J.: 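This structure is in structure tokens; I'll ask about it shortly.
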Amino acid sequence: MELDVKYNPSAVEDKWYAYWLDNKFFHSEPDGRKPYSVVIPPPNVTGILHMGHMLNQTLNDVLVRKARMDGYNACWVPGTDHASIATENKVVKMLEEKGIKKADLTREQFLEYAWEWKEKYGGIILQQLRKLGASCDWDRTRFTMEPALSEAVINTFVYFYKKGLIYKGVRMVNWDPDRCTAVSDEEVVHKDTKSHFYHLRYYISDGNGKPTDKFLVIATTRPETIMADAAICVNPADERHHWLRGKKVLIPLINREIPVIEDDYVEMDFGTGCLKVTPAHDVHDYEIGMRHNLPILDIIDEHGRLNEQAQILVGEDRFVARKKIVKMLEEAGNLVKVEEYISPVGYSEKSDAVIEPRLSAQWFLKMDKLAADALETVESGRTKLIPDKYRNTYRHWMETVRDWCISRQLWWGQQIPAYYLPDGRIVVEATPEKALEEARKLVPGLKAEDLKRDEDVLDTWFSSWLWPISVFDPEMPGNPGHKPNADLAYYYPTSDLVTGPDILFFWVARMIMAGEEFMGREPFANVYLTGIVRDKLGRKMSKSLGNSPDPLELIAKYGADAVRIGMLLCSSAGNDIFYDESQIEQGRNFCNKIWNSFRLIKGWTVDASLEQSEVNKVAVKWFSNKLSQVVETVEDHYSKYRISDALMTIYKFFWDDYCAWYLELVKPAYGAALDKETYDNTLEFFSALLKLIHPVMPFITEELWHALEPRKEGSTIMYEHTPEVKAYDKAFIDAFELAKEAAGSVRSVRQQKGISPKEPLKLVVKGAFPVELLPVVKKLANVSDVDFRDNLNNLSGVGFMVGTIEMFVLLEGLVNAEEEIAKLEAALEYQKRFLDSVRKKLSNANFTAHAPEAVVAGERKKEADSLSKIASYESQLKQLKNN
RNA sequence: GGGAGCAUAGCUCAGUUGGUUUAGAGCAUCUGCCUUACAAGCAGAGGGUCGGCGGUUCGACUCCGUCUGCUCCCACCA
């Protein structure tokens with residue numbers, strides 16, 4: 001078989017992915033094995049794969065594949081999220097391009113377009129995930145708006161409504177004027193924004209609506225809202241303003257009279273100490289208004305424009321109005337001064353529009369009990385957050401969370417199952433038929449067309465918070481008539497959840513709430529929170545910055561395995577990832593290394609009659625011991641979710657120990673054959689390595705596992721078992737390190753003296769170097785001869801130390817005595833200083849008295865070793881100087 | 001404004017209850033090699049007063065305080 005010098009991933013990857021699918025290797029059904037289940041954080045149905053997904057899905061796939069090889073019944077449920085705002089935006093945009101306005105469509109027509117769009121573009125992202133090698137059970141693919149899951153959402157709404165936890169109320173909500181919908185507190189991003197602080201003069205009224213010459217000054221950032229002012233408020237303790245008590249003032253420009261009131265809320269040392277109270281357009285003002293029974297005057301419409309109530313600037317956008325009114329105020333003589341001002345302003349996470357606090361009727365879910373339960377889940381450790389630092393933020397959020405505004409003024413989503421009777425009363429039922437039935441109990445003879453269904457849909461998170469339950473059982477426990485479900489019983493709670501910390505509250509916390517509410521227990525055992533993928537400059541990868549590479553192009557260029565390695569190499573949990581293409585190159589190089597090691601092995605001929613040589617014996621002995629030690633380390637890393645450490649351990653083990661040391665040791669001379677025993681062991685080691693690597697690099701390992709020996713149809717490395725940890729001889733492994741060090745030192749001497757690796761060298765040894773390991777030094781350092789002696793006097797060459805063993809490379813005529821003396825003196829100097837520091841410790845009575853015995857013994861050993869090294873350096877120096 | 005976290009080689013990071021670490025890895029760098037598995041490679045080498053200062057301790061990268069710098073989260077836009 002002729003193998004290419006370079007590994008070619010594209011030819012291999014599609015083949016094996018199709019093979020895995022054909023054989024249903026990713027599919028899981030409940031059985032006698034222990035389950036390992038994960039649900040995908042459902043990406044937006046209209047989304048495309050970005051680097052953040054790559055990182056998450058790679059980590060997820062590593063965990064799933066590892067669990068599968070550990071004998072678990074692994075089930076990874078994929079799916080997408082209908083993402084109401086994001087998707088509706090895209091559909092609206094698409095329609096606009098066709099010249100169609102949403103306003104001209106009925107709800108049904110719009111939804112038809114939306115579904116069409118979803119069928120066409122939705123799920124591209126799931127196709128992309130396949131390219132990465134994700135071992136999802138595609139037969140279980142779910143969509144949050146598929147009929148069954150929508151039903152689950154509706155049932156959940158009914159459930160909470162009947163439990164009294166859902167209510168409708170007029171509240172100040174975060175209004176996104178771009179999208180014309182309310183958004184939740186969590187969807188508001190506060191950004192420091194440059195604005196102005198306008199100081200405005202309000203004249204005191206003479207009691208008949210006419211201005212006197214007295215006035216007060218307020219400071220505001222929103223002069224366009226003065227027409228909605230209901231009062232001016234001062235702090236009762238503020239003596240500067242006591243003269244205003246009982247007075248009325250006139251709103252500039254429109255001359256409407258409003259009272260001066262007093263409330264502790266106002267801070268005396270901020271602004272002028274006078275606050276204009278605008279209950280309809282500010283959350284605090286609203287609260288003050290409630291306390292003081294102030295009228296509410298709403299002057300801004302749903303698009304953020306001034307309405308008729310404003311009297312002036314009607315129809316103007318709020319920001320345009322702001323500019324215009326400032327000019328008007330200036331001309332009217334009401335503008336005292338303008339200050340530059342930076343203040344935090346809320347923006348809609350989805351549209352980036354400035355949030356308008358707006359009073360509107362919305363549906364809310366009471367959070368106190370749900371949040372308390374979900375907090376306990378994490379506090380008790382039933383769900384672990386990895387890394388642990390997120391527990392603090394989680395706690396803080398759970399303790400301060402407010403009721404969840406769950407209604408959205410959109411069409412794409414689950415429509416709220418609330419029905420209004422003509423008299424305004426509400427019935428909430430899962431179906432229109434049921435609703436009518438209930439309504440008739442209130443108003444006999446009511447007709448279907450008399451019932452009006454609420455226009456709003458539910459927040460997307462109100463569907464995705466059910467995900468770990470609904471993907472297994474859309475009928476949802478908790479609903480009347482719910483029957484036990486085998487999948488749910490088997491797979492719930494899921495094992496690990498891999499997701500970004502940015503949706504810890506949006507999604508993770510709420511899934512925990514739903515889990516506790518409906519299942520009575522946590523939805524997952526561990527939540528692994530990844531970092532944010534950033535570019536080399538530390539900027540978050542984003543479409544607008546254009547700094548995010550296309551993952552599919554990367555896969556095409558380097559191969560999926562390489563990309564996976566690149567993502568994993570630098571991804572300790574919770575730390576941000578600084579993405580750099582060179583990491584993916586490193587992954588590609590690793591693929592190539594694996595590939596070429598296979599070419600080497602495959603090229604060997606075997607002679608069954610050959611005896612196993614000493615060097616091969618020791619190589620096999622060492623590697624089999626080392627393998628167990630490494631597997632143990634890797635398992636430990638995995639158990640702590642230190643995926644990049646696990647990968648690095650495997651990487652070094654393969655590259656350094658297997659390729660650079662083991663294969664070089666057993667490699668037969670050119671044209672020579674290898675003994676069968678060593679060959680079999682070598683293949684066995686290779687096979688074990690492939691299994692160890694498979695979770696991180698699924699494609700190349702499957703390819704080579706099949707190339708290694710003929711496999712039965714339908715077999716796969718995916719279901720091979722992770723290599724076992726057998727008892728290993730640590731002392732022997734450590735001793736082998738001495739041999740490596742010796743070989744390295746000899747090579748170093750060659751480098752310094754410019755001696756070709758092909759020229760054999762002679763070595764003299766003083767000390768207890770294990771004879772068993774001599775062949776290792778001989779072969780890898782090209783040493784023809786090793787001579788043990790009691791002293792190294794009168795030799796010509798270069799000496800070095802391996803531990804406390806002295807070694808000497810015999811070299812005639814190549815030695816520069818001065819150079820050697822200088823080197824030895826430097827080494828001696830270092831050693832003497834080291835000895836000093838050790839002795840300082842040992843001579844300290846406090847140290848010997850307080851430190852544990854083992855530590856003291858360690859220091860004594862250091863002292864002894866150091867003394868022996870010093871002695872040997874000194875004797876070598878003496879030699880050199882005498883000659 | 002409140003809270004959390006981070007700061008270790010040029011870069012990205014380890015360093016697990018303070019003691020065989022006058023600190024390790026990978027990448028990058030430098031030197032020598034086209035040695036018939038791999039130049040996407042091989043061999044060798046250099047590189048850090050562990051952010052500053054102070055304290056606790058026989059002993060501090062590790063614990064405490066403080067300062068500086070960065071990041072993130074939360075927060076009602078007078």
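No experiment lies behind these values; they were computed from the predicted model shown. Note on naming: letters A, B, ... go to the chains in the order of the sequence lines (proteins, then strands), and numbering restarts at 1 for each one. Side chains are part of it too, since the values below use all heavy atoms of this structure and drop only hydrogens, waters and symmetry mates.
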J.: What's the CG-P distance between A:Asn844 and B:rC58, to the nearest Å?
T.: 9 Å
J.: Touch check for A:Cys659, heavy atoms < 4.0 angstrom, all strands: base, sugar-phosphate only, or nothing?
T.: base
J.: Once you apply a heavy-atom cut-off of 4.0 Å, does A:Lys841 come out as touching a base, just sugar-phosphate, or nothing?
T.: nothing
J.: Just how far, in rounded Å, is P of B:rG26 from NE2 of A:His637?
T.: 14 Å
J.: Is there a Watson-Crick or G-U wobble partner for B:rC50 with both distances under 3.5 Å, and if so, which one is it?
T.: none
J.: Taking the P atom of each, how far is B:rU17 from B:rC61, in whole Å?
T.: 15 Å
J.: Any non-hydrogen side-chain atom of A:Leu835 less than 4.5 Å from a side-chain atom of A:Ile870?
T.: yes
J.: Looking only at side-chain N and O atoms, does A:Thr278 offer a donor or acceptor that is under 3.5 Å from a partner on A:Tyr286?
T.: no
J.: Ignoring backbone atoms, test whether A:Asn589 places a side-chain nitrogen or oxygen under 4.0 Å from the OP1 or OP2 oxygen of B:rG41.
T.: yes
J.: Quick check: do A:Ile594 and A:Ile693 have side-chain heavy atoms less than 4.5 Å from each other?
T.: yes
J.: Go through the steps for A:Tyr265 and A:Leu275 under the test side-chain contact (heavy atoms from CB on, under 4.5 Å), then give the verdict.
T.: CA-CA 10 Å; A:Tyr265 170 78; A:Leu275 169 71; 3.9 Å; yes
J.: Under 4.0 Å between a side-chain N/O of A:Tyr579 and OP1 or OP2 of B:rU12, yes or no?
T.: no
J.: Could you check which nucleotide pairs with B:rG44 in any of the strands shown, counting Watson-Crick or G-U wobble with both distances under 3.5 Å?
T.: B:rC30
J.: For atom P, what is the distance between B:rU29 and B:rA40, given to the nearest Å?
T.: 13 Å
J.: Counting the atoms with a prime plus P, OP1 and OP2 as sugar-phosphate, which does A:Trp604 contact under 4.0 Å by heavy atoms, base, sugar-phosphate, or nothing?
T.: nothing
J.: Below 4.5 Å, heavy atoms only, C-beta onward: do A:Ile288 and A:Ile261 meet side chain to side chain?
T.: yes
J.: Between A:Lys593 and B:rC42, does any side-chain N or O lie under 4.0 Å from OP1 or OP2?
T.: yes
J.: Within this structure, what is the CZ-to-C1' distance between A:Arg750 and B:rG32, rounded to whole angstrom?
T.: 13 Å
J.: Please report, rounded to the nearest Å, how far the C1' atom of B:rC38 is from the CG atom of A:Asp656.
T.: 15 Å
J.: Contact class for A:Lys652 vs. all strands (heavy atom < 4.0 Å): base, sugar-phosphate, or nothing?
T.: sugar-phosphate
J.: Taking the same atom, P, in B:rG54 and in B:rA14, what whole-Å distance lies between them?
T.: 28 Å
J.: Write down the distance separating the C1' atoms in B:rG51 and B:rA7, rounded off to the nearest Å.
T.: 6 Å
J.: Measure from CG on A:Asn596 to P on B:rA40 and round the result to the nearest Å.
T.: 11 Å
J.: Within the 4.0 Å heavy-atom criterion, would you say A:Ser748 contacts the bases, only the backbone, or no part of the nucleic acid?
T.: sugar-phosphate
J.: Is the base of B:rA43 touched by the side chain of A:Arg747 through a donor-acceptor pair closer than 3.5 angstrom?
T.: no
J.: The side chain of A:Arg588 is closest to which nucleotide in this list: B:rA40, B:rU36, B:rC38?
T.: B:rA40
J.: What is the distance from OH of A:Tyr658 to P of B:rG41, rounded to the nearest Å?
T.: 18 Å
J.: Heavy atoms only, 4.0 Å cut-off, all strands: where does A:Ala845 land among base, sugar-phosphate and nothing?
T.: nothing
J.: At under 4.0 Å between heavy atoms, what does A:Glu267 touch on the DNA or RNA strands: base, sugar-phosphate, or nothing?
T.: base
J.: Base, sugar-phosphate alone, or nothing: which one does A:Phe590 contact when heavy atoms must sit under 4.0 Å apart?
T.: nothing
J.: Is the shortest side-chain N to carboxylate O distance from A:Asp4 to A:Lys6 below 4.0 Å?
T.: no
J.: Tell whether A:Gln751 reaches the base of B:rU31 with its side chain through a donor-acceptor pair below 3.5 angstrom.
T.: yes
J.: So which one's nearest nucleotide on RNA chain B is more toward 5', A:Phe505 or A:Val5?
T.: A:Val5
J.: A:Phe834 near the nucleic acid: base, sugar-phosphate alone, or nothing, with a heavy-atom cut-off under 4.0 Å?
T.: base
J.: Counting the atoms with a prime plus P, OP1 and OP2 as sugar-phosphate, which does A:Thr393 contact under 4.0 Å by heavy atoms, base, sugar-phosphate, or nothing?
T.: sugar-phosphate
J.: Quantified in whole Å, what is the P atom distance between nucleotide B:rG24 and nucleotide B:rG47?
T.: 13 Å
J.: Does the structure show a Watson-Crick or G-U wobble partner for B:rA23, both distances under 3.5 Å? Name it, or say none.
T.: none
J.: With rounding to the closest Å, how many angstrom separate the P atoms on B:rU56 and B:rU62?
T.: 15 Å
J.: Check every strand shown and say whether A:Gly346 touches a base, only sugar-phosphate, or nothing at a heavy-atom separation below 4.0 Å.
T.: nothing
J.: Under 4.0 Å: is that the gap between some side-chain N or O of A:Arg642 and OP1 or OP2 of B:rG15?
T.: yes
J.: Which is true for A:Ala219 with a 4.0 Å heavy-atom rule: it touches a base, it touches only sugar-phosphate, or it touches nothing?
T.: sugar-phosphate
J.: Could you work out which one of B:rA75, B:rA37, B:rG19 sits closest to the side chain of A:Pro344?
T.: B:rA75
J.: Mind checking if A:Ile355 touches a base, just sugar-phosphate, or nothing, with heavy atoms under 4.0 Å?
T.: base
J.: Counting C-beta onward and ignoring hydrogens, is there a side-chain heavy-atom pair between A:Trp595 and A:Asn8 closer than 4.5 Å?
T.: no
J.: Tell me whether A:Arg395 contacts the main-chain N or O of A:Glu379 through its side chain, where contact means a donor paired with an acceptor under 3.5 Å.
T.: no
J.: Can you check whether A:Trp655 has a side-chain N or O nearer than 4.0 Å to OP1 or OP2 of B:rC42?
T.: yes
J.: On RNA chain B, nearest-nucleotide positions of A:Met648 versus A:Lys758: which is more 5'?
T.: A:Met648
J.: So, under a plain 3.5 Å distance rule, would you say the side chain of A:Glu664 forms a donor-acceptor pair with the base of B:rA37?
T.: yes
J.: Are A:Tyr658 and A:Tyr662, when compared by the centres of their aromatic rings, separated by less than 6.0 Å?
T.: yes
J.: Please state the C1' separation for the pair B:rU16 and B:rU31 - nearest whole angstrom.
T.: 38 Å
J.: What distance, rounded to whole Å, do you find between the two C1' atoms, one in B:rC63 and one in B:rG26?
T.: 30 Å
J.: Can you tell me the base-pairing partner of B:rC70? Count Watson-Crick or G-U wobble geometry only, both distances below 3.5 Å, and say none if there is no partner.
T.: B:rG5
J.: Please give the nucleotide sitting opposite B:rC77 as a Watson-Crick or G-U wobble pair, both distances under 3.5 Å, or none.
T.: none
J.: Round to the nearest Å and state the distance from A:Tyr394 atom OH to B:rA4 atom C1'.
T.: 17 Å
J.: Select base, sugar-phosphate, or nothing to describe what A:Tyr265 touches, counting heavy atoms under 4.0 Å on all strands.
T.: base
J.: Nearest whole angstrom, please: distance from the P of B:rG2 to the CH2 of A:Trp397.
T.: 24 Å
J.: Between A:Thr848 and A:Arg860, does the side-chain contact (heavy atoms from CB on, under 4.5 Å) criterion hold? Intermediate values first, please.
T.: CA-CA 11 Å; A:Thr848 42; A:Arg860 291 208 193 286; 4.0 Å; yes
